[in-house]
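Okay, structure first, notes after.
Labels below follow one simple rule: chain letters A, B, ... track the order of the sequence lines, proteins then strands, and each chain is numbered from 1.
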2 protein chains.
Amino acid sequence: VALSRPGEAFLDATKAVVGPQGWIADPAEQERYLIDERRLYRGRTAIVLRPRSTEEVACVVGLCHQHRVAIVPQGGNTGLVGGSVPNEAGGEVVLSLARMNRILDVSPLDYAMTVEAGVVLAQVQDAARAVDRLFPLSLAAEGSCTIGGNLSTNAGGVNVLRYGSARDLVLGLEVVLPDGRVWDGLRRLRKDNTGYDLKHLFMGAEGTLGVITRAVLRLFPLPKQVVTGFAGLVSVAAAVDLLSRFQAATGGRVTAFEVLPRFGLDLILRHIAHTADPLTDAHPWYVLFDVSSGEDGAGLTQAVEGVLAGALTGGILRDATLATNEAQARALWRLRESLPEAQKPAGGSIKHDVSVPITRFAELIERAQAAVQRLIPGVRPVPFGHLGDGNVHLNFTQPEGADTSGFLAQWGAVNHVVHDIVHELGGSISAEHGLGRLKREEIVRYKSPLEIELMRSLKATLDPLGIMNPGKVV
Amino acid sequence: VALSRPGEAFLDATKAVVGPQGWIADPAEQERYLIDERRLYRGRTAIVLRPRSTEEVACVVGLCHQHRVAIVPQGGNTGLVGGSVPNEAGGEVVLSLARMNRILDVSPLDYAMTVEAGVVLAQVQDAARAVDRLFPLSLAAEGSCTIGGNLSTNAGGVNVLRYGSARDLVLGLEVVLPDGRVWDGLRRLRKDNTGYDLKHLFMGAEGTLGVITRAVLRLFPLPKQVVTGFAGLVSVAAAVDLLSRFQAATGGRVTAFEVLPRFGLDLILRHIAHTADPLTDAHPWYVLFDVSSGEDGAGLTQAVEGVLAGALTGGILRDATLATNEAQARALWRLRESLPEAQKPAGGSIKHDVSVPITRFAELIERAQAAVQRLIPGVRPVPFGHLGDGNVHLNFTQPEGADTSGFLAQWGAVNHVVHDIVHELGGSISAEHGLGRLKREEIVRYKSPLEIELMRSLKATLDPLGIMNPGKVV
């Protein structure tokens, strides 16, 4: 089916749907909707539409369907694979959910919250906390990303280890389908076995099968205490071992387990103000961890200290410190969170978002570092991230003094080498960021033709005109 | 597309694929494959095929595809909605996965296990326990149901509250598609955001979209202690309150929370040998609960006792007892597990498997009991089950001395009344048992036409010939 550029009649009709405050045609005002977070893509559009309700979204999508106009749904526009911006041709309209930002219902007894797609993630977290509940999804962009985008991309973050990815935190969804009809799957049920599970189809589809407009989210008991610690280790294998000991000793109450190398900590200490090394000596690897409990009492800290003591004796740990108050815990987390920022002054960084079974984690890092060193001697690896999920942001900073643009020109070649190793180890080339536009071509190299065919069949079934976020995912 | 009955050429070809031990044509030997657990349906077939490998399944399904012969996949044949038996016409072949019963890999460090579809659930549980891990799926049929059937039906059971339904316990799947091709989605990853999540499509589809042949299952730390208790309460609302207090006090460590009424306990004490009332006095409602911890120490028991003391003082609890050893815990669980058996001597029972948000749970039971009493004066309600999930088996035993067949003739009318109330309360008419053949027509009354249409579209896309378990689900 051939798509059309938005014509006058279409534009007038959509403007009438969303009202005078609901659209942006001025290119300067549009800019923040057109450039992706990583500034890899700069698109154009005739109009940015900002509907305020499901009904308005349905009308807009219905008009797009009728006029064969392509739609790019957008939440906080914080995605890292270019999935939320239009292409350069200007024929796609941007559908921003940002004005659908109401929390509709919070039910602590049902451990559930109903929200519109445009609610900022941090506001969801706050609303849960206000009723003594936890919404565990947590990631760097939480102050500006929206829950609709989180669900559409099946966002990950630091608490997946204990609570799962975004898709695991959903009881029900409302979705505007590519023909403008509204699927009301806004259930608040823990169990519902009445046929195919449609909600899982739309989560992780990155807006290519429909527009998520509302969701019922799962809440959890708010932990009464969190023990945050920072440990220095001799190897990644030791970090994997430490996690295993923690899980065994606490019955799986580790809620975050992040790894970073000494070079990463060096960058942080050098480039980020008001930071200090939490440990006396330097160590090759570090782990930042949270262990949480729903109970008061000293038992949790004792369990954590017991694990650390055993690991120290067993030779897998070199040193560790536990935060003794909230401010210390925040300071430890600030180290980890400032790592992406700290990499910037060191020059260009070629990034990856990969996962493997945790038993292959150490092998992945070792092999990938060696392979990229062979390709670019002097390259400085900064592999960091969610060890607990087998997910690492296997980033490489340019060799000292190298030409940045020359280094970044090897992005594709480096990805190729790293992703081939990931694939050999049974891993994923996009653990949490999605495919978007960035990895849409590359995934064909790693997925079976049958799986690609199945994905395309589903796309053709739900969006036969191909108007939903074309050129993304599949 | 018109389906064909299996002809001689087809039968010869399939027999050659599975070998002499791999098929059953004798009607007497076939019988256990043809009658469902509840004896609602008795089907016929030319052949029961029992392949031993994914390759044999793929060949058999490929032959069915080529010859337009319908297939009924079957695991342990313990389903409660007639989803696993062929119809009466005799044109469908039964594909039993029972001989694919190998555990292929257990990786405690990855918290993962790879199994063939025909492994019995109890064997999966045992294999996990042998490496100090928990596979939490647990249900009455666990000694004979198979993991493939559990995943195909998205089975529930007693631990959903803490660990989720069967679909939440899966990392990867292998599926033979309706044309005989094999989708290898056997990943062992915690995070993989590379496109549409195909595995969720096949789970809960009850064999209508393909045949699950292998799976990678998620394992959990094995709890170090479980506190099992039995409480007498004045109302269902009080039971909901008690659960909320437990969750708050233990940070969500309640792993089972089952409700039953006094009449249910009466039936158990009367009809099941070697049972005794755990409490001194009679109470209108009872709760059986497990609270689990991954840590040693007295903290858990103290927390549970604290909640019970507070609930007693607050007037929501009348009495309670905690098991002080494994034998006592088993005896308490035996009460709950024997309830379905205990109902039988009391005559006919009209059954439901429904769920609502937990805040509507008490209202559901009250309204449904009143409505069915109006329809059948003297009917004896036995609502029991998974209160923690908002899921209740809202069963009704016939009035004392009534004619059983006359009572059972009202099955449809009673379902209608109960399901209408469930629907009004935002609930599901099949919380954990699925649709199968039993509820395939009825679901059309409660799901939106759009959702039915979406389900049919998915079915037509994946199984255009309609050979996979026809007449089930959709």
Side-chain angles (χ1 to χ4, degrees), chain A residues 107 109-110 154 156 160 165 181 183-184 188-198 200-201 204-205 220-221 223-224 244 247-248 250-253 293-295 297 299 303 355 357-359 389-391 426-435 443 448 450-451 454-455 457-458 461 473-474, chain B residues 107 109-110 154 156 160 165 181 183-184 188-198 200-201 204-205 220-221 223-224 244 247-248 250-252 293-295 297 299 303 355 357-359 389-391 426-435 443 447-448 450-451 454-455 457-458 461 473-474:
Chain A
S107 175
L109 203 55
D110 281 329
N154 186 31
V160 174
S165 296
R181 290 187 295 174
W183 172 57
D184 178 0
R188 204 159 65 175
L189 301 172
R190 301 277 150 178
K191 280 175 163 177
D192 176 27
N193 258 352
T194 54
Y196 308 152
D197 193 311
L198 301 177
H200 278 297
L201 204 51
F220 294 80
K224 289 210 184 60
S244 173
Q247 294 290 46
T250 67
R253 300 208 288 190
S293 170
E295 290 158 24
S355 66
I358 199 166
T359 45
D389 311 313
N391 173 201
S428 167
I429 68 157
S430 188
E432 56 176 11
H433 295 165
L435 297 175
I443 194 63
S448 68
L450 178 57
E451 185 157 337
L454 286 170
M455 284 172 52
S457 302
L458 293 173
T461 301
V473 182
V474 69
Chain B
S107 175
L109 202 55
D110 282 329
N154 185 32
V160 174
S165 295
R181 291 186 295 174
W183 172 58
D184 178 0
R188 203 160 64 177
L189 301 172
R190 302 277 151 178
K191 279 176 165 176
D192 177 26
N193 258 351
T194 54
Y196 308 152
D197 193 311
L198 300 176
H200 278 297
L201 204 51
F220 294 79
K224 289 211 182 62
S244 174
Q247 294 289 47
T250 67
S293 170
E295 291 157 23
S355 65
I358 199 167
T359 46
D389 311 314
N391 175 199
S428 167
I429 69 157
S430 189
E432 58 176 10
H433 295 165
L435 296 177
I443 194 62
K447 270 197 198 292
S448 67
L450 177 57
E451 186 157 338
L454 286 170
M455 285 171 52
S457 300
L458 292 173
T461 300
V473 183
V474 70

Query raised in the report: Just by distance, with hydrogens left out, do B:Thr461 and A:Thr461 show a side-chain donor and acceptor under 3.5 Å apart?
Result: yes
Query - Choice from A:Val473, A:Ile429, A:Val160 maximising heavy atom contacts with chain B below 4.5 Å - result: A:Val160
Query - Atom pair CZ/OG of B:Arg181 and A:Ser448 - distance to nearest 0.5 Å - result: 9.0 Å
**Report entry** Under 4.5 Å from any heavy atom of chain A - which part of B:Ile358
**Finding:** both
Report task. Please round to the nearest 0.5 Å and tell me the distance separating atom CG of A:Asp197 and atom CG of B:Asn154. Result -> 7.5 Å
Report summary line: dist A:Asn193:CG -> B:Ile443:CD1 (nearest 0.5 Å) comes out at 10.5 Å
Report summary line: If one checks every heavy atom of B:Asp389 against chain A at 4.5 Å, the contacting part turns out to be both
Query raised in the report: At a heavy-atom separation under 4.5 Å, does B:Pro223 approach chain A through its side chain, its backbone, both, or neither?
Result: neither
Requested in this report: Pick one of side chain, backbone, both or neither for B:Tyr196, based on which atoms fall under 4.5 Å of a heavy atom in chain A.
Outcome: both
Query raised in the report: Under 3.5 Å, is there a donor-acceptor pair between the B:Lys191 and A:Ser165 side chains?
Result: no
**Report entry** Note, A:His200 side chain near B:Leu201 side chain (heavy atom, < 4.5 Å)
**Finding:** no
Query raised in the report: Among B:Asp192, B:Leu109, B:Val474, who wins on heavy-atom pairs under 4.5 Å with chain A?
Result: B:Asp192
Query raised in the report: Taking atom types as modelled, is there a side-chain donor on B:Asp110 or A:Thr359 under 3.5 Å from an acceptor on the other?
Result: yes
Query raised in the report: Side chain, backbone, both or neither: which part of B:Leu189 has an atom under 4.5 Å from a heavy atom of chain A?
Result: side chain
Report task. Any chance you could measure B:Glu451, atom CD, to A:Thr194, atom OG1, to the nearest 0.5 Å? Result -> 6.5 Å
Requested in this report: Look at B:Met455, B:His433, B:Lys224, B:Arg188 and state which one has the largest set of heavy-atom pairs under 4.5 Å with chain A.
Outcome: B:Met455
Query raised in the report: Looking at CG of A:Leu198 and CG of B:Leu458, how far apart are the two atoms once the value is rounded to the nearest 0.5 Å?
Result: 6.5 Å
Query raised in the report: If we only count heavy atoms from C-beta on, is the B:Asn391 to A:Arg190 side-chain gap below 4.5 Å?
Result: no
Query raised in the report: Highest number of heavy-atom pairs under 4.5 Å with chain B: which of A:Gly297, A:Ser430, A:Gly434?
Result: A:Ser430
Query raised in the report: By a 4.5 Å heavy-atom criterion (distance strictly below it), what part of B:Ala205 contacts chain A: side chain, backbone, both, or neither?
Result: both
